[in-house]
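This report refers to the structure that appears directly beneath it.
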There are 2 protein chains.
Amino acid sequence: MKIQQFKINETGLNRFFGSLEAKILDILWNGPEMSIKDVKQKLDQEKSTNFNTVMTVMNRLVDKGVLVKRTEKRSSMFKPLFSKEEFLQTQSKELTKDLMDEFGPLAVNHMLDALDEADPVLIEKLEQKIKQLKEK
Amino acid sequence: MKIQQFKINETGLNRFFGSLEAKILDILWNGPEMSIKDVKQKLDQEKSTNFNTVMTVMNRLVDKGVLVKRTEKRSSMFKPLFSKEEFLQTQSKELTKDLMDEFGPLAVNHMLDALDEADPVLIEKLEQKIKQLKEK
DNA sequence: CGTTTAAACTACACTATGTAGTGTGAGGTG
DNA sequence: CACCTCACACTACATAGTGTAGTTTAAACG
């Protein structure tokens with residue numbers, strides 16, 4: 001799977017996926033392997049959703065390599081190919097790299113600004129890192 | 001104007017705009033106010049492009065608030081509403097902020113990794129910043 | 001006037017996403 | 001065995017963004 005876009009006006013998983021895709025993924029990440037019906041029932045708690053709609057989107061996620069499908073006798077079971085943590089790890093790394101490649105000093109400066117309100121622990125980490133870099 | 005997407009598999013302006021949009025913007029950012037014809041001629045140096053295609057895309061950029069159009073007697077003149085520097089400044093800031101908001105410590109850690117290969121000047125800047133933060 | 005040409009209007013293609021109708025087939029039950 | 005249910009497959013349509021380009025309109029200039 002290769003994520004294509006990072007959406008600026010969204011938050012969380014909606015930055016990487018469509019709205020329904022994101023909801024479905026979140027359900028699968030916060031539960032066991034599920035059938036389409038299972039997922040639909042979860043979705044219905046918030047808003048009634050057509051079975052076929054859920055199926056189509058889930059199958060597309062399989063095509064994209066986000067979900068894996070295991071076909072049982074009567075109902076297929078779906079689960080994510082990777083954990084939410086792995087996903088966020090991968091994406092944040094990719095995006096950070098892209099940002100550095102694309103903007104370099106600009107990005108670092110903005111990061112510094114952002115650090116004004118950041119966790120002191122992060123600042124400590126940064127300090128350590130700089131020491132380490134200077135020793136080279 | 002509000003950029004919606006940051007494309008991961010592209011580079012430069014193509015991360016924010018369509019391919020033709022990006023080419024046109026780049027031309028307008030590296031030259032004076034131009035007519036559609038002027039832009040088309042520039043584009044033709046690389047690849048012949050239909051006049052109407054150029055016009056449509058340029059007008060869409062006006063609609064989006066990226067270009068401004070000044071209608072003359074026979075031909076309208078176009079120029080960007082902001083400079084490339086301003087644009088990159090804004091976008092890198094927005095993206096950095098989003099990255100920090102979305103990933104927090106993860107993003108900082110990745111940034112630190114990226115710093116391994118970074119300009120020593122950046123590292124120096126970082127060090128200054130950290131000193132400053134610690135004094136608070 | 002008529003010719004040229006820029007601009008407007010309109011349209012179609014392609015992709016991604018959300019939505020949903022119809023068809024099909026496997027299994028259980030009377 | 002016939003039938004019915006239900007999960008899945010197949011297909012289709014809508015919307016939005018982008019690239020492309022044909023047709024029509026209108027303005028300037030010889």
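If you're wondering where the values come from, they're calculated on a predicted model, not measured in any experiment. All values below come from the heavy atoms of this structure, side chains included, with hydrogens, waters and symmetry mates left out. All chains are named by letter (A, B, ...) in the order of the sequence lines, taking the proteins before the strands, and each is independently numbered beginning at 1.
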Strictly below 4.0 Å: does [X] bring a side-chain N or O up to OP1 or OP2 of [N]?
X	N	value
Ser19(A)	dG18(C)	yes
Thr56(A)	dG18(C)	no
Lys40(A)	dC8(D)	no
Asn59(B)	dA8(C)	yes

### Task
Using heavy atoms to find the nearest nucleotide of DNA chain C for Glu21(A) and Asn52(A) separately, return the residue whose nucleotide is more 5′.
Glu21(A)

### Summary
Judged by nearest nucleotide, the residue sitting upstream toward the 5' end of DNA chain C, Val57(A) or Lys69(B), is Lys69(B)

Find the distance [X]:[atom1] to [N]:[atom2] and express it as a whole number of Å.
X	N	atom1	atom2	answer
Ile24(A)	dG18(C)	CD1	C1'	10 Å
Met58(A)	dG18(C)	CE	C1'	15 Å
Arg70(A)	dA7(D)	CZ	P	17 Å
Gln4(B)	dT17(C)	CD	C1'	15 Å
Leu13(A)	dT17(C)	CG	P	14 Å
Met55(A)	dG23(C)	CE	P	15 Å
Phe78(A)	dA7(D)	CZ	C1'	10 Å
Asp63(A)	dT15(C)	CG	C1'	15 Å

### Query
Taking Asp98(B) as the fixed residue, which of Glu10(A), Lys7(A), Arg15(A) is the one that meets the side-chain contact (heavy atoms from CB on, under 4.5 Å) rule?
Arg15(A)

### Query
Side chain of Lys37(A): nearest nucleotide among dA7(C), dA21(D), dA7(D)?
dA7(D)

### Message
From the set dA20(C), dA6(C), dA21(D), return the single nucleotide nearest to any side-chain atom of Ser75(B).
### Response
dA6(C)

### Query
Looking at Gly65(B) and Leu81(B), what are the two nearest heavy atoms and their distance?
O-CD2, 3.3 Å

### Contact summary for Ile3(A) and Asn9(B), nearest pair of heavy atoms
O-ND2, 3.9 Å

### Task
Would you kindly say whether Ser35(B) and Asp38(B) are connected by a side-chain donor-acceptor distance under 3.5 Å?
yes

### Message
If we count only N and O atoms by modelled type, under 3.5 Å, do the side chains of Lys84(B) and Asn30(B) hold a donor and an acceptor together?
### Response
no

#### Entry: Touch class at under 4.0 angstrom, heavy-atom based, for Thr49(A) against every strand present
nothing

### Task
Report the residue (Lys7(B) or Ser48(B)) whose heavy-atom-nearest nucleotide on DNA chain D is the more 5′ of the two.
Lys7(B)

### Task
Tell me which of Arg60(A) and Met77(A) sits closer to the 5' end of DNA chain D, going by the nucleotide each one is nearest to.
Met77(A)

